[in-house]
Number of protein chains: 4
Amino acid sequence: MAAANSRRVPRAERERQMLDAAVAVFARRGYRAASMDEIAEAAGVSKPLVYLYLNSKDELFSACIRREAAALTAAVRDAVEEGATPERQLWSGLLGFFEHAAVHPDGWTLLYSQARTVGEPFAAEVAVLRAEIVAFVAALIAAACGSRDVEAYAHALVGAAESLAGWAAAAPAPAPTGKELAASLMTFAWSGLSRALPAPDPEAAGGSSAAEG
Amino acid sequence: MAAANSRRVPRAERERQMLDAAVAVFARRGYRAASMDEIAEAAGVSKPLVYLYLNSKDELFSACIRREAAALTAAVRDAVEEGATPERQLWSGLLGFFEHAAVHPDGWTLLYSQARTVGEPFAAEVAVLRAEIVAFVAALIAAACGSRDVEAYAHALVGAAESLAGWAAAAPAPAPTGKELAASLMTFAWSGLSRALPAPDPEAAGGSSAAEG
Amino acid sequence: MAAANSRRVPRAERERQMLDAAVAVFARRGYRAASMDEIAEAAGVSKPLVYLYLNSKDELFSACIRREAAALTAAVRDAVEEGATPERQLWSGLLGFFEHAAVHPDGWTLLYSQARTVGEPFAAEVAVLRAEIVAFVAALIAAACGSRDVEAYAHALVGAAESLAGWAAAAPAPAPTGKELAASLMTFAWSGLSRALPAPDPEAAGGSSAAEG
Amino acid sequence: MAAANSRRVPRAERERQMLDAAVAVFARRGYRAASMDEIAEAAGVSKPLVYLYLNSKDELFSACIRREAAALTAAVRDAVEEGATPERQLWSGLLGFFEHAAVHPDGWTLLYSQARTVGEPFAAEVAVLRAEIVAFVAALIAAACGSRDVEAYAHALVGAAESLAGWAAAAPAPAPTGKELAASLMTFAWSGLSRALPAPDPEAAGGSSAAEG
DNA sequence: GATGAATGAGAATTCATTCAT
DNA sequence: TATGAATGAATTCTCATTCAT
């Protein structure tokens, strides 16, 4: 985890190193269990330097969240094909999301697992990020099918995506690719399980009918 | 949360009180941030008694997880209508899940948010619980539609359910009922968004086709 | 400085021991330079116990100030002969003050030297104590001679007393006794320097006569 | 306090700037609580420069004390009217003291409050200064009235002066002037409180008359 | 069955001080 | 002359854990 680093590094570079190390440590240990000692060591610098540049554990964690959140949203935004059909936008957005999560597992863990569990200042920041994503997805869904209940569907879709990302991250050797995950999720979300295969008459035994019951 | 409880309570009862308090505190604070002091005070007993009965913070947390996991799986198992169609089983299982999560928000938070973020001994326990649920769901899906890719669908479905439960827990005053959540998710998962409403020709623009691209 | 102490001491007793140690250390080192480690060691206990009972360095210091201030004012109050002439009251009050300062040099140092130099919360507490003493002295002066400018005189007298106390504390072996100090100050303050000598019969007037009482 | 000062300043000037800043910061915070960072910033230079010129925190503090002590003694010495009567000399010295203290509150605070509380190397330096002043005052008193007990009187007088200076420094808006303080103290010390009022003609004797002279 | 008294180990944070340039 | 980069050594405070009763 430590770092091979030379002395006398310019500040911007050092800050990046520190954030890299901090994201990794926070992701692995969680906010409370991560120690500034471990982060400093992972960054290959002394603890006082971390404080000199990033002020406190709180601010450091916050900076990590903001950086990773920005990176994630940028990845998704860049991936979305503007002007395409909503379905296609959703597909490309999911692809961007899965690929980013696969390439930055620590950032993903930080946002998904750790930041939500650390009571206030931080949970709020992540909640905002998540709310933005849900809103974006909800808009796409609404554009695509005008459904009511859009919010619930959006939450379901986002949760499904997160779950798949986590599954892929923990999966053994030949982990599903981003494309495979996106494809599964699009099938799942767009056509439904009843379509996913043979069942000829999904409506007959369907959830809605059950719901009516 | 604290309690003025009478002295000389039988051991089983005392343990229950302690676990109740611990689940509440762990859910609110997370494993690391929760202190044995706070738990003991919330339970209305002295700290040494907590140690006498539950040995250590680790074991206490572990006991909390096991109790809540057992309660959740029991709730789901009891809710499932055996012998019904897979769809119907899935529906009833989801309903049981949402209702249990709504009634036991602390237990739900403990399992969903906290236990996953606390490195090893515990994450494994929760992973097992989750794997069981996913396997159960996967079996239902396979029974219903024989789909390949069943595992991905199951993870997606479980993640969607968790996300909806979290959304409902955080929602303002008239939170969605378990029935509503289950209905939304069944529609979403079974029929797909393309069916969710008007779109006349879901297949034409479908996710699978996009996936092929 | 350390303490021979037995384990398992009741709380009230332990707190007293800790305050004794803290007063000594704060007096010798000053607030900032005193370390909780040193205080704990001087009290013969572990640091956590100090925190358990007294919460923080701030509160500990504050408790020291309050205790010593209360002791000092009680000593002076008890020494003042109520109902006597203002001069005699002043004399007896000064005597009480000097004797208390001589017997409790650490408490005296704490109040006089240390507490004043520590920025806010504490300086205010000591300022209040001092203001009370000045007001008391001012009242005596006013009663005795109805002078205007009473406030300035009172400040001068109190400052003179403090200075003498400090001098006596630092003086070599046969330090002036409280009685001697009080006599000097009474002469000084009551009759003035112009009287201090030219007066052929110093014994006749001022402090010494009072001292005989 | 901070300063935007130009680069390439000659050494003597820079040292003065640093001492100015250091006196201000030490006076406000005390020795321990003052940080070299704050001092450097207040001086408008980088920390290494402070070390280059003044070597260490200890030496810096010591330099501050010596400079302010020299300034104070110079102010008093210059104010004393040599050749005049002892009473008149005392009066003019007090006046010089009060006026200097009023004009240099930071220096005064440094010497009076802070330096005494910082245990050894420094307390000694200040003690020397104080001893010199006391000796000077004692000589005047002895010259004026030949009193025995001169040392106690001198300590009392010096303490009274310090107390009045501190009172004036903390006093609200129309703080007593140096002249008023000196007059009060001369009256107090020379004629005594017993004279302060009953005396039908206070003006005749004591400080004010001296002041007029 | 229950607790008041006590602590070892470790966490965040700050500070005086020094290189390398 | 002057500084940006960097750190060893404290210091305050917290916590899980254990005795002795």
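Chain letters run A, B, ... following the sequence lines, proteins first and then strands; every chain starts at 1.
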Q. Using a heavy-atom distance cut-off of less than 4.0 Å, which residues of residues 52-66 of chain A contact DNA chain F?
A.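 Going residue by residue through residues 52-66 of chain A, the ones with a heavy atom under 4.0 Å of DNA chain F turn out to be A/Tyr53.
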Q. Looking at F/dT7, does its base get a donor-acceptor pair with the side chain of A/Lys47 below 3.5 Å?
A. no
Q: Quick one: list whatever passes side chain to side chain donor-acceptor pair (under 3.5 Å) with C/Asp106, sequence neighbours left out.
A: none
Between atom [atom1] in [X] and atom [atom2] in [N], what is the gap in whole Å?
| X | N | atom1 | atom2 | answer |
| --- | --- | --- | --- | --- |
| A/Tyr31 | E/dA11 | OH | P | 14 Å |
| B/Gln17 | E/dA2 | CD | C1' | 13 Å |
| C/Arg29 | F/dA10 | CZ | P | 14 Å |
| D/Asp37 | F/dA6 | CG | C1' | 13 Å |
| B/Tyr51 | E/dA6 | OH | P | 19 Å |

Closest to the [X] side chain: [options]?
| X | options | answer |
| --- | --- | --- |
| D/Ser46 | E/dT3, F/dT3, E/dA16 | F/dT3 |
| A/Val9 | F/dA6, F/dC15, F/dA20 | F/dA6 |
| D/Val45 | E/dA2, F/dT11, F/dT3 | F/dT3 |

Write down the atom of [X], the atom of [Y], and the distance for their closest heavy-atom approach.
| X | Y | answer |
| --- | --- | --- |
| D/Glu125 | D/Ser62 | OE2-OG, 2.8 Å |
| C/Ala22 | C/Leu60 | CB-CD1, 3.8 Å |
| D/Leu111 | D/Arg116 | O-CG, 3.6 Å |
| D/Ala63 | D/Leu54 | CB-CD2, 4.2 Å |
| D/Ala33 | C/Arg32 | CB-NH1, 3.6 Å |

Q: Determine the contact category for B/Arg11: base if any of its heavy atoms lies under 4.0 Å from a base atom, sugar-phosphate if only primed atoms, P, OP1 or OP2 are that close, otherwise nothing.
A: nothing
Q: Give one of base, sugar-phosphate or nothing for C/Ala34, where a contact means two heavy atoms less than 4.0 Å apart.
A: sugar-phosphate
Q.
Both B/Leu49 and A/Arg32 contact DNA chain E. Taking the nearest nucleotide for each, which residue is further toward the 5' end?
A.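 Closest to the 5' end, via its nearest nucleotide, is B/Leu49.
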Q. Where each residue is assigned the nucleotide of DNA chain F containing its nearest heavy atom, which of D/Pro48 and B/Met36 is assigned the position nearer the 5′ end?
A. D/Pro48
Q | Nearest-nucleotide 5' precedence on DNA chain F, B/Ser35 against A/Pro10 | A | A/Pro10
Q. Between D/Lys57 and D/Tyr31, is NZ or CZ placed under 6.0 angstrom from the six-membered ring centre and within 45° of the ring axis?
A.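 Judged by the rule (NZ or CZ under 6.0 Å from the ring centre, within 45° of its axis), D/Lys57 counts as positioned above D/Tyr31.
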Q: Compute both the distance and the angle, then confirm whether D/Arg11 meets the cation-pi test with D/Tyr53: under 6.0 Å from the six-membered ring centre, within 45 degrees of the axis.
A: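 Yes.
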Q. Say you draw a straight line from CG of D/Leu19 to CZ of D/Phe26; how long is it, rounded to the nearest 0.5 Å?
A.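 Rounded to the nearest 0.5 Å, the CG-CZ separation comes out at 9.5 Å.
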Q. Got a donor-acceptor contact below 3.5 angstrom from the B/Thr117 side chain to the B/Gln114 backbone?
A. yes
(Q) Give me the stems containing DNA chain F, sorted by first residue, counting only three or more consecutive Watson-Crick or G-U pairs with both distances under 3.5 Å; say none if there aren't any. (A) E:2-21 with F:2-21
Q: Verify the contact: side-chain N or O of D/Arg14 to OP1 or OP2 of F/dA2, cut-off strictly under 4.0 Å; return yes or no.
A: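 Yes, because at least one side-chain N or O of D/Arg14 sits under 4.0 Å from OP1 or OP2 of F/dA2.
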